[in-house]
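Labels below follow one simple rule: chain letters A, B, ... track the order of the sequence lines, proteins then strands, and each chain is numbered from 1. Only this structure's heavy atoms are used, side chains among them; waters, hydrogens and symmetry mates stay out.
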Amino acid sequence: MITEEYNFTQIEQQIQKYWDDYQVFKVAENLSQEKFYCLSMFPYPSGNLHMGHVRNYTIGDTIARYQRMLGKNVLQPMGWDAFGLPAENAAIEKGVQPAEWTYKNINYMRKQFKRLGFAYDWKRELATCDPKYYHWEQWLFTKMFAKGLAYKKNAMVNWDPVDKTVLANEQVIDGRGWRSGALVERREIPQWFLKITNYADELLADLEQLPEWPEQVKTMQKNWIGRSEGVLIKFAVKGRNDVLDVFTTRVDTLLGCTYLAIAPEHPLVQVILKNSTNAKKINEFVNQCKQVQVAEEKIATQEKIGMATGLEVIHPLTGKTLPIWIANFVLLEYGTGAVMSVPAHDTRDHQFAKKYQLPIQPVIKPKDNSDWNYAEQAFIDYGVLINSGEFNDLTSEQALETIGKALTKQAKGLVKTHYRLRDWGISRQRYWGAPIPIINCPVCGPVAVPERDLPVVLPEDIEINPNNGSPLKADASFYRTNCPNCREPATRETDTFDTFMESSWYYARFACVNQNKEMLDDRAKYWTPVDFYIGGVEHAILHLLYARFIHKVMRDEGLLNDDEPFLRLLTQGMVLKNGAKMSKSKKNTVDPKALINKYGADTVRLFIMFAAPPEQSLEWSDTGVDGCFRFLKRLWQCAHEQQTVIQAINITNKKSTEIAENWDQASAQLKNLRRQVHVILKQARYDYERHQFNTVVSGCMKLTNLITKEFPELKPSQVTEENNLRQSWLTETMGILLRLLAPIAPHITHFLWRELEYSDHILQAKWPKVNAEALKTETVEMAVQINGKLRGTIISAVDSDEKSIQTLITADAKFKK
RNA sequence: GCGAAAGUGGCGGAAUUGGUAGACGCGCUGGAUUUAGGUUCCAGUGGGAAAUCCCGUGAGAGUUCGAGUCUCUCCUUUCGCACCA
């Protein structure tokens with residue numbers, strides 16, 4: 001019975017209970033049906049659901065439910081990215097165990113998800129902090145270690161000299177530690193790395209296999225990998241049996257090199273400090289350079305400073321000596337940690353040269369022979385070589401090849417492909433993460449924990465003291481062990497994995513969460529690749545690149561078949577209020593829970609899908625939510641009246657979504673109404689396919705407006721053929737409307753569908769088909785433009801197209817003088 | 001600094017291929033119902049004119065019979081920059 005009042009709380013609870021009791025979203029592999037794996041990026045269980053989550057998961061759920069209506073075997077799972085920094089902070093602030101805090105949050109957030117009515121297969125839920133999950137991550141790491149894909153080397157971290165801890169970039173505020181307020185410095189410590197650079201070429205090339213990814217995401221990944229062709233030049237250090245390697249993509253400017261710049265951490269600096277008479281000053285300078293946090297943005301925007309070392313190199317072609325400078329903008333981790341500086345043809349080098357009065361030597365002139373003031377500005381484009389001896393008059397393009405060859409011939413350089421992409425540092429000096437399964441033996445060195453001893457379980461009952469280093473070191477039962485090789489006493493690695501490790505393979509694990517004997521089984525081969533992946537655009541580079549990399553590693557282990565993990569990608573925009581990102585500090589947050597209580601899940605879902613297309617940012621509007629609520633109430637009212645009429649006159653074909661057989665006899669007005677319905681239906685299908693859900697909602701609103709506008713006439717005062725046809729139109733239209741809306745507002749449509757006796761469950765309903773006959777029109781409206789300006793419209797019968805066009809041409813000719 | 005996007009009424013947005021700019025919703029105005037408020041319903045709503053005419057898609061240029069859409073320059077905003085997730 002459709003009551004007069006729209007009681008959303010009651011119907012949503014009732015329907016959610018039904019979904020739960022009958023496990024309608026539980027799926028299994030089925031080879032006779034096309035599979036569709038729809039995945040939204042899993043959340044970090046921070047404790048409260050925010051609007052960004054609601055948006056992300058509503059988009060995912062809408063796609064999953066739509067695909068299900070198209071007849072596909074849809075998997076939509078949910079889990080928790082449960083390791084990470086906030087749990088440790090909570091532990092310090094509130095004195096709770098990170099594990100306890102995390103699981104409590106998960107339980108709370110799961111309830112919120114259920115209230116939003118997401119069609120998840122909850123049997124597949126996973127949490128990454130569960131040893132049953134990270135067991136296999138550790139296992140994969142040992143495989144990578146065996147293959148040489150995991151290795152240890154020194155790398156920079158943010159070091160808080162007062163708290164004596166490593167800080168995340170987020171914990172550095174204005175160059176100072178967030179707790180101590182001490183100036184943060186860069187420090188080198190040994191860390192674990194994965195050789196993602198081995199896959200650089202493939203990661204780049206396989207972007208071609210992803211036509212359904214947003215172009216801008218692919219471009220960002222391409223630029224991040226940053227493949228470039230260039231020359232590695234060997235500069236001999238004067239007076240020492242040593243060479244300084246420098247990579248350049250602009251070897252055509254080599255003759256214009258007037259100095260070399262090296263990173264403050266470059267090994268040569270240590271040599272200089274030992275031998276230089278100016279060691280004290282240089283040391284001071286190097287320490288000054290280190291007082292910058294480890295973020296490319298900070299390094300690139302800081303004031304560029306440098307100091308001459310007194311050491312010189314010999315130019316490989318001219319034999320002239322060039323000074324070596326230490327410069328704070330050169331990164332040790334990028335390339336060779338040394339650059340050749342060509343002030344005349346590089347903006348940054350130009351500024352630096354002017355600041356320290358270093359010579360500016362032009363070697364390229366503009367191709368059009370125009371004058372260039374090299375003292376004023378660097379000329380960075382390709383041009384024609386000057387002041388370059390035997391290479392004069394070559395174009396830059398020619399010189400790149402010629403000078404490269406010359407250097408190779410003299411063994412002073414080699415042509416090389418360089419990547420901006422660096423190996424992935426996965427060590428974190430943190431407690432709340434998956435332990436890196438390595439045992440450090442004083443005799444054998446780092447040894448992987450053998451398969452039989454996995455997982456290395458993170459002790460969960462520990463004491464966290466922010467000033468006392470890793471709790472894992474303090475826990476003797478964890479820390480002390482024996483070497484699996486030589487049985488001698490050894491210690492465990494206390495670094496834990498970067499949490500990006502967990503999120504790099506969870507999508508595959510969802511296919512077989514209950515598999516305890518191996519990482520993945522054949523079910524993962526059935527469900528992967530993910531057909532649709534939805535998440536924040538902020539993950540466009542790091543997470544997606546790491547996941548693509550780990551996918552390829554798993555493929556090479558024989559665990560998966562395909563080259564890429566995610567076939568289609570949708571990067572959703574942020575949720576804003578008053579033009580700013582919602583955040584506690586700005587006090588502009590909207591609590592989803594309060595909203596669901598007030599309006600119900602369907603209204604919240606509807607607003608979020610209506611307010612903006614998914615890839616754009618969404619501006620929150622309380623009155624906009626009201627509008628969506630009103631719409632659902634109107635829909636409810638229509639259905640209520642329709643049911644009343646059906647019951648009053650006992651129409652026989654009430655259960656059918658098909659139009660009446662004698663529809664031909666309908667009036668032109670009625671046929672026109674039906675045409676409008678099918679135009680909207682056609683557009684909705686197109687909009688679902690291009691994920692523009694806001695216009696789908698708009699279409700549903702139009703259908704509701706059509707029904708409400710026509711309804712007074714649809715109440716039959718007497719049974720006539722025309723009135724029966726009107727009823728048939730109404731039944732068909734309402735059937736279409738409910739199905740178009742079902743993926744977005746699943747509760748109300750589920751309820752009304754059953755109440756209006758279309759069939760038992762809208763979940764089993766098939767997507768409505770556009771009727772070609774219904775789309776036909778009798779007249780067509782044509783715009784008349786003269787010189788691009790609208791000068792009138794012509795309404796014409798469809799059959800007389802030619803005539804109208806004739807009229808148009810005549811009119812045009814007449815007005816054109 | 002580098003990389004990637006976005007700018008359309010008072011607001012969120014629509015316009016599928018270069019072809020009638022502003023669909024749909026919010027807000028606002030007027031009216032009906034109501035003791036009143038709220039709700040609901042009806043009508044109107046880009047700006048200027050009040051003569052069916054002009055102007056109008058961040059700014060400026062360009063291509064075209066025709067540009068919100070394509071090209072260039074600039075401005076503003078947002079995201080990412082490798083230890084937040």
Side-chain angles (χ1 to χ4, degrees), chain A residues 41-44 46 81 83-86 89 155-158 166-172 191 196 214-224 226 293-302 304 329 333-334 347-348 420-430 498-500 502-503 536-543 545-546 571 573-574 576 579-581 607 610-613 615-628 630-631 633-634 637 683 686-687 690 692 694-702 705 708 781-793 812 816:
Chain A
M41 291 181 185
F42 65 168
Y44 177 79
S46 58
D81 191 12
F83 276 134
L85 206 49
N89 294 336
M156 299 295 173
V157 290
N158 298 311
V166 175
L167 296 179
N169 278 332
E170 193 192 47
Q171 298 171 311
V172 182
Q191 309 205 60
I196 190 173
E215 218 42 59
Q216 75 264 31
V217 172
K218 287 193 279 184
T219 310
M220 281 192 264
Q221 293 226 344
K222 226 174 260 177
N223 292 337
W224 186 263
Q293 90 186 71
V294 204
E296 202 173 294
E297 183 200 350
K298 306 286 176 194
I299 291 165
T301 51
Q302 70 185 334
K304 287 155 195 64
F329 56 83
E333 282 155 336
Y334 185 54
T347 312
R348 193 181 58 187
R420 204 187 80 95
L421 180 68
R422 308 198 288 262
D423 276 340
W424 176 13
I426 48 157
S427 285
R428 296 293 179 269
Q429 296 69 40
R430 301 253 173 76
D498 176 4
T499 56
F500 274 127
E502 283 89 62
S503 54
V537 68
E538 65 273 18
H539 295 294
I541 297 175
L542 291 179
H543 161 60
L545 193 67
Y546 292 146
T571 51
M574 287 188 312
L576 310 176
K581 191 177 176 173
F607 171 73
F610 179 55
E615 311 209 67
Q616 278 180 39
S617 59
L618 182 151
E619 177 65 34
W620 189 263
S621 155
D622 292 330
T623 52
V625 179
D626 273 326
C628 287
R630 273 203 288 274
F631 163 65
K633 279 195 286 190
R634 269 209 308 281
Q637 198 57 36
Q683 182 67 37
Y686 177 78
D687 288 341
R690 61 174 180 158
Q692 192 172 285
N694 53 333
T695 47
V696 172
V697 176
S698 156
C700 290
M701 287 171 169
K702 282 182 194 168
N705 290 346
T708 41
E781 191 185 300
M782 272 178 287
V784 181
Q785 272 184 22
I786 295 160
N787 293 334
K789 290 193 176 178
L790 180 66
R791 283 291 180 269
T793 52
D812 196 7
K816 241 184 164 177

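Taking A:E619 as the reference, A:L576 meet the side-chain contact (heavy atoms from CB on, under 4.5 Å) condition, with sequence neighbours excluded. In this view, A:S427 and A:D495 satisfy the side-chain hydrogen bond (donor to acceptor under 3.5 Å, both in side chains) rule, not counting sequence neighbours. With sequence neighbours left out, A:W620 forms a ring-ring contact (aromatic ring centres under 6.0 Å, His included) with A:F607. Residues passing the side-chain contact (heavy atoms from CB on, under 4.5 Å) test with A:Q616 are A:P613, sequence neighbours excluded. Listed by chain and residue number, A:N328 satisfy the side-chain hydrogen bond (donor to acceptor under 3.5 Å, both in side chains) test with A:Q302 (two or more places apart in sequence, or in another chain). In this structure A:Y546 satisfies the ring-ring contact (aromatic ring centres under 6.0 Å, His included) test together with A:W424, A:F500, sequence neighbours excluded.
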Report task. Any chance you could list the contact pattern along nucleotides 80-85 of chain B? Use B for base contacts, S for sugar-phosphate-only contacts and - for none, protein heavy atoms under 4.0 Å, 5' to 3'. Result -> SBBBSB

Query raised in the report: What string of B, S and - do you get for nucleotides 6-15 of chain B, 5' to 3', if B is base contact, S is sugar-phosphate-only contact and - is no contact with any protein heavy atom under 4.0 Å?
Result: ------BSSS

Requested in this report: Assign a letter to each nucleotide of nucleotides 69-76 of chain B from its 5' end: B, base within under 4.0 Å of a protein heavy atom; S, sugar-phosphate only; -, no contact.
Outcome: --------

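Positionally, the nearest nucleotide of RNA chain B for A:T301 lies more toward the 5' end than for the other of A:D626 and A:T301. Nearest-nucleotide mapping onto RNA chain B: of A:V217 and A:M701, the residue sitting toward the 5' end is A:V217.
Closest contact between the side chain of A:Y686 and the listed nucleotides B:rA23, B:rG1, B:rU16 involves B:rU16.
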Close N/O contacts between protein and nucleotides 37-39 of chain B (under 3.5 Å):
none

Can you name the atoms? Protein N/O to nucleotides 30-33 of chain B N/O, anything below 3.5 Å, with the distance.
none

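Salt-bridge formation is not detected for the pair A:K222/A:E215: no Lys NZ or Arg NE/NH1/NH2 atom is positioned less than 4.0 Å from an Asp or Glu carboxylate oxygen.
Looking at heavy-atom distances under 4.0 Å, A:M41 makes no contact with the nucleic acid at all.
Side chains of A:T695 and A:D687: a donor on one and an acceptor on the other come within 3.5 Å.
Stem regions for RNA chain B, each three or more consecutive Watson-Crick or G-U pairs with both distances under 3.5 Å and listed by first number, read B:1-7 with B:75-81, B:10-12 with B:24-26, B:27-32 with B:40-45, B:46-48 with B:53-55, B:58-62 with B:70-74.
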